[in-house]
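Ligands are counted one by one from 1 in listed order, and the atoms in each one are counted from 1 as well.
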Amino acid sequence: MLYAENVYVRFGGLTAVDNVSLHIAPGEIHAIIGPNGAGKSTFFNAVSGINRASEGTIRFLGKDITSMNQHQVARQGIGRTFQNIKLFKSMTVAENVLCGFHMNVKSGLFADMFGTASQKREEEKLREECLALLKRVDLYDKRDVRCTSLPYGDQRKLEIVRAMATSPKLLMLDEPAAGMNPTETEELKQFIKKINSEGLTILLIEHDVKMVMSLADTITVLNHGAKIAEGSAEEVRSNDAVIEAYLGKSYRKTQG
Ligand code: ADP
Ligand code: MG
């Protein structure tokens, strides 16, 4: 589904992503882990068209997306969330999700200017789809609540739902559990499992190692921009380079 080959991202003298290749199969939950500054978010940005790869190729469903901007990438079927919450603070739950839907509206400039009947029908349809999505993810009862009034865990979930509004095939989540308490993290884990089982392929950056180990089919480990390991949870957690760079020696002890 996603085929990133020898990707570099450079900022002046700094190589933030250093020759990373990463392949994601449809239906997979694929996680990227690594210490702060390892280049995880920068890799996400390169895939989603926010900053360009300096070198390398990124293909999605066979199409070269390396030079696409973020709107073009979104239209190919890639949705994403950001490391820090980026909800529209003054809007309700439903309005936030509707904004996600609007990225997919296809009515052209003419319809936008004159508010044609076909555009109104499209708006109506989007509203219905939005409410159906909110029902599916158990946020329907909170649809008219201002998003900032939601508990923290639900705010982070809403970000994911907004990214799902464009009906992506691949959903990229940048540290979705950051700042969550154990209960919220567990709920998020179940939510990710559910949307994955409904057919969404997931690429996940996450610091909660326990969550990653129990969720991900494949784990890629980055350190200083470069890939140092890749494999199943079993393979990665017994890898000496990964323990050294990220998990720490105490991790090996606790795992026996
Ligand atoms: P991670 O998400 O793994 O914590 P990042 O991808 O955010 O790491 O950052 C990787 C490196 O790239 C860091 O050294 C960071 O300071 C640097 N970096 C990220 N974005 C930029 C930017 N826009 N300009 C310059 N340096 C950046
Ligand atoms: Mg990051």
Side-chain angles (χ1 to χ4, degrees), residues 2 4-24 29-58 60 65-74 78-87 152-153 155-157 159-160 162-163 168 170-180 184-185 188-189 192 202-213 215-216 218-231 233 236-237 239 241-248 251:
L2 187 79
E5 205 63 16
N6 306 110
V7 173
Y8 292 79
V9 180
R10 297 188 188 92
F11 298 113
L14 175 82
T15 305
V17 176
D18 190 356
N19 194 21
V20 171
S21 298
L22 193 142
H23 306 154
I24 302 176
I29 298 182
H30 194 124
I32 303 180
I33 63 172
N36 276 329
K40 305 180 298 294
S41 295
T42 305
F43 179 77
F44 261 35
N45 289 344
V47 172
S48 55
I50 286 169
N51 50 36
R52 259 179 214 167
S54 315
E55 251 183 79
T57 309
I58 306 169
F60 179 66
I65 62 165
T66 319
S67 311
M68 287 187 184
N69 67 35
Q70 54 179 309
H71 304 291
Q72 293 166 320
V73 171
I78 299 181
R80 73 164 290 178
T81 63
F82 291 84
Q83 193 167 344
N84 302 308
I85 287 201
K86 286 199 175 180
L87 290 172
Y152 180 76
Q155 290 191 35
R156 301 236 62 167
K157 178 172 162 183
E159 283 186 285
I160 299 176
R162 189 180 56 186
L170 173 66
L171 186 60
M172 309 205 306
L173 308 174
D174 194 346
E175 298 196 26
M180 285 189 176
E184 290 168 333
T185 305
L188 175 72
K189 198 176 98 183
I192 292 174
I202 310 272
L203 178 61
L204 171 78
I205 296 174
E206 190 45 67
H207 270 301
D208 189 316
V209 171
K210 236 177 85 194
M211 174 170 160
V212 166
M213 294 290 175
L215 260 187
T218 313
I219 301 171
T220 299
V221 189
L222 298 186
N223 191 29
H224 299 301
K227 183 158 105 177
I228 58 167
E230 190 169 70
V236 162
R237 76 172 140 220
N239 181 303
V242 178
I243 291 166
E244 191 65 38
Y246 187 58
L247 297 176
Y251 183 82

Q.
I'd like to know if Arg162 and Glu159 make a salt bridge, using a cut-off of under 4.0 Å between side-chain N and carboxylate O.
A. no

Q. Under 3.5 Å, is there a donor-acceptor pair linking the side chains of Gln70 and Ser48?
A. no

(Q) Quick one: does any side-chain atom of Ser21 pair with a main-chain N or O of Asn6 as donor and acceptor, under 3.5 Å? (A) yes

Q | Check: Phe82 and Ile50 side chains under 4.5 Å, non-hydrogen atoms | A | yes

Q. Closer than 2.8 Å to the Mg ion (ligand 2), do we get an N, O or S atom from Gln83, backbone or side chain?
A. yes

Q. Does Ser41 put an N, O or S atom under 2.8 Å from the Mg ion (ligand 2)?
A. yes

(Q) I'd like the residue list for ligand 1, meaning every protein residue with a non-hydrogen atom under 4.0 Å from the ligand. (A) Phe11, Leu14, Ala16, Pro35, Asn36, Gly37, Ala38, Gly39, Lys40, Ser41, Thr42

Q. Taking atom CG of Leu203 and atom NZ of Lys40, what is their separation to the nearest 0.5 Å?
A. 12.5 Å

(Q) Could you work out, with side chain to side chain donor-acceptor pair (under 3.5 Å) as the rule, every residue matching Glu55, not counting sequence neighbours? (A) Arg10

Q.
Within the 4.5 Å heavy-atom criterion, are Val242 and Ile219 side-chain neighbours or not?
A. no

